[in-house]
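Here the structure comes first, spelled out in structure tokens, and everything after it is commentary.
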Amino acid sequence: MTTANMRQIGVGILGWGVALVMFLPILIIGVTAFKTEQDAYALSLIFTPTLDSFREVFERSHYSTFVYNSMAVSIISTLLSLVIAVPAAYSMAFFPNRKTQKLLLWMLSTKMMPAVGVLIPIYLLAKNTGLLDSVPGLIIVYTLMNLPIAVWMAFTYFNEVPKEILEAARIDGANAWQEIWHLLLPTTLPGLSSTALLLIILSWNEAFWSLNLSSVNAAPLTVFIASYSNPEGLFWAKLSAASFLAVAPIMAVGWVAQKQLVRGMTFGAVK
Amino acid sequence: MASLTIRNLQKRYEEVEVMRDINLDIADGEFVVFVGPSGCGKSTLLRMIAGLEDISAGELRIGDQRMNEVPASKRGIAMVFQSYALYPHMTLYDNMAFGLKLAGKSKAEIDAAVMRAAKILHIDHLLDRKPKQLSGGQRQRVAIGRAITREPHVFLFDEPLSNLDAALRVKMRLEFAKLHDDLKTTMIYVTHDQVEAMTLADKIVVLSAGRIEQVGSPHTLYHHPANRFVAGFIGSPKMNFLAGTVQGFDGDFVQVQLDNGGIQSVAVERGALKAGERVTLGIRPEHLHVVHGSQIIPATVTAQESLGDHAYVYADCPAAPDGLILRVPEEEQYRPGTALQLGADPQRCHLFDASGQALARVKVLQAA
Ligand SMILES: Nc1ncnc2c1ncn2[C@@H]1O[C@H](COP(=O)(O)OP(=O)(O)OP(=O)(O)O)[C@@H](O)[C@H]1O
Ligand SMILES: [Mg+2]
């Protein structure tokens, strides 16, 4: 066996190992969800599968309302982020000035502060504007939360587009919106799709703001999960079933979308 | 079709001035070539004409309309970029039709315009393809085709052939000449390539460090360079420069004493030139010969390069810091180290004063 082969096998084992460790919690949740509460405390894999937990979860709460809220909040906030980020990134990428780089870094730096630092002002703002525990309220917060990432990623993809292509279109009579619509969006579609996917995932999994700003009306799936670890005690099996139900849709989306997103697009127009 | 007038044009990026005092007149239907070393501002000037860069000061007119504030799409120009800048996700047809679609032209009109351009450029069988399925030469044609469909008054080309291989460049160069003959539209063409400039241009504009050094026909620039820069830039291999002082005047001739003792007469108008003044003598490689006699430039051979029908001899000469190059017939062989005595016809020589300005040549021969 050659050293190159050995190395390949080594890397393979390492990769699988890391993947397994990362997947383990999800596996445990998946398995525990099908156990009874008694079995749930043991980590054993030998048990009689049951759908009791799922049944109870469905009886206790309106799963569909949470799913609806999660979908509405993550999809709409993602679309809003993109609608704002694309023109912003367009101007930063194609009409930069001395402050552009600083502005980008500053925007990103807002993501480095702990969210809890602005909890009180945001809570009060939401309360006073009547947006507390409302879907529009969460949408606004999520949009603002994801905007720096959206701008940054769109900027990175736009930077790869040769500016001559847009200039050619400008000479052909395109205005800024037409440049974006007819050229920038189609040529950066794979990049923007993965940006959108990332934003949806981030919004879907967001727990801090949803737990603090919503309770009944606007509560998304993260709140739904949290409701199973309440002061009356932990219910492992039901918590697992709820978590399983919460992550299943987004995992399905990611699984289906990844094949579409990997496909890159090259610029045949530029030598 | 349209003429073009540029008055006192200036370009500043923030505080840095990159172009100044640009004055240029381009006649309707003229083929104008911008040449100059890298970074001299050729693309910047072209882009200001196109409307892709703001004009910091001065005025640009196309026809009789002031264009400074007119957006690129309304200037009646079309531009072909060095990188072609084709729309990667569109078919060739759509690439060429894009501008017309935006302009709201009817399907039949668009079809006719695209087919006409495609026929002129022999790409009508490729219209369903995407840019990445084409060769470099084909992409270049599409880029030109896209320009043609706009039916512009002025074509702008920024180094359109620089991404092609040598053989294809020659072929496309001829096609550019033909295109200009067919369309008779004003064309402005930026290039690094001497041969492209000399063969295509009605008028060459030589730029250096953001200024125009000289404007003229290829013939004028070659035979009457206005200064040392243009003399050294036009012509390949480049003109030989020898340092010397004015020794005296003899009828129509200025006698130049070279720094290494040689003497050469030059047929230029004396002007304000005085004896003892520092000057630079310029002689093109094809005009420098091995001679015998009294007026000679001593030099030592360093190498010889054969090009088939002729050869270039490289020689050292203390008066010429860059060395000398002379063109000799293929049969003549010179070993390195050979001492040579060189000279040139006084009417073929150029003379530049201490500030680099050329002195007007007298009795200039028409052809080389
Ligand atoms: N955005 C900019 N900011 C500052 N200076 C610039 C900018 N763009 C161009 N320049 C400067 O303007 C000058 C002219 O550039 P330009 O691209 O027109 O040169 P060029 O003659 O086309 O060169 P090349 O033959 O290499 O294409 C250069 O010195 C360049 O550094
Ligand atoms: Mg250039």
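Protein chains get the first letters and strands the later ones, always in sequence-line order, with residue 1 at the start of each. Values below: all heavy atoms of this structure, side chains included; hydrogens, waters and symmetry mates excluded.
- Judged purely by atom type and a 3.5 angstrom limit, B:Tyr87 uses its side chain to pair as donor or acceptor with the backbone of A:Ala169.
- Residue B:Lys101 holds its NZ atom at 9.0 Å from NE2 of A:His182, rounded to the nearest 0.5 Å.
- For B:Ala78, the part sitting under 4.5 Å from any heavy atom of chain A is the backbone (N, CA, C, O) and nothing else.
- Heavy-atom minimum distance, B:Ser73 versus A:Gly173: CB-CA, 3.3 Å.
- In the displayed structure, B:Lys178 atom NZ is contacted under 6.0 Å by at most 12 heavy atoms of other residues, nucleotides or ligands.
- In this structure, NZ on B:Lys74 lies 13.0 Å from CD1 on A:Ile171, to the nearest 0.5 angstrom.
- In this structure, the separation between CZ on B:Phe81 and CD1 on A:Ile165 is 10.0 Å, given to the nearest 0.5 Å.
- Contact between A:Ala168 and B:Ala85 at its shortest, heavy atoms only, is CB-O, 4.0 Å.
- Annotation: B:Asp25, atom CG; neighbour count of heavy atoms from other residues, nucleotides and ligands within 6.0 Å is above 12.
- When heavy atoms are compared at a cutoff of 4.5 Å, B:Gln133 does not approach chain A at all.
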Stepwise side chain to side chain contact (heavy atoms under 4.5 Å, CB included) check, A:Arg98 with B:Glu14: CA-CA 10 Å; A:Arg98 271 179 301 182; B:Glu14 319 254 312; 2.9 Å; yes
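- Nearest heavy-atom pair across A:Ala174 and B:Phe98 is CB-CE2, 4.4 Å.
- Atom CD of B:Gln194 is surrounded by more than 12 heavy atoms from other residues, nucleotides or ligands within 6.0 Å.
- Other residues, nucleotides and ligands contribute at most 12 non-hydrogen atoms within 6.0 Å of the CE atom of A:Met71.
- One distance of note links CD of A:Gln178 with CG of B:Leu102; it measures 5.0 Å at 0.5 Å rounding.
- Remark: B:Asp128 CG is loosely packed, at most 12 non-hydrogen atoms of other residues, nucleotides or ligands lying under 6.0 Å away.
- Shown here is A:Tyr68, whose OH atom has no more than 12 heavy atoms of other residues, nucleotides or ligands within 6.0 Å.
- For chain A, the nearby part of B:Arg47 is the side chain; its heavy atoms alone come within less than 4.5 Å.
- The parts of B:Ile77 that come within reach of chain A are both its backbone and its side chain, each placing non-hydrogen atoms under 4.5 angstrom from that chain.
- Proximity to chain B involves both the backbone and the side chain of A:Glu167, based on heavy atoms less than 4.5 angstrom apart.
- Atom-to-atom distance recorded for B:Leu52:CG and A:Lys163:NZ is 8.5 Å, nearest 0.5 angstrom.
- When each of A:Leu183, A:Asn175, A:Asp172 is checked for heavy-atom pairs under 4.5 Å with chain B, A:Asp172 comes out on top.
- Within 6.0 Å of atom CG in B:Asp165, more than 12 heavy atoms from other residues, nucleotides or ligands are found, so the atom counts as buried in its surroundings.
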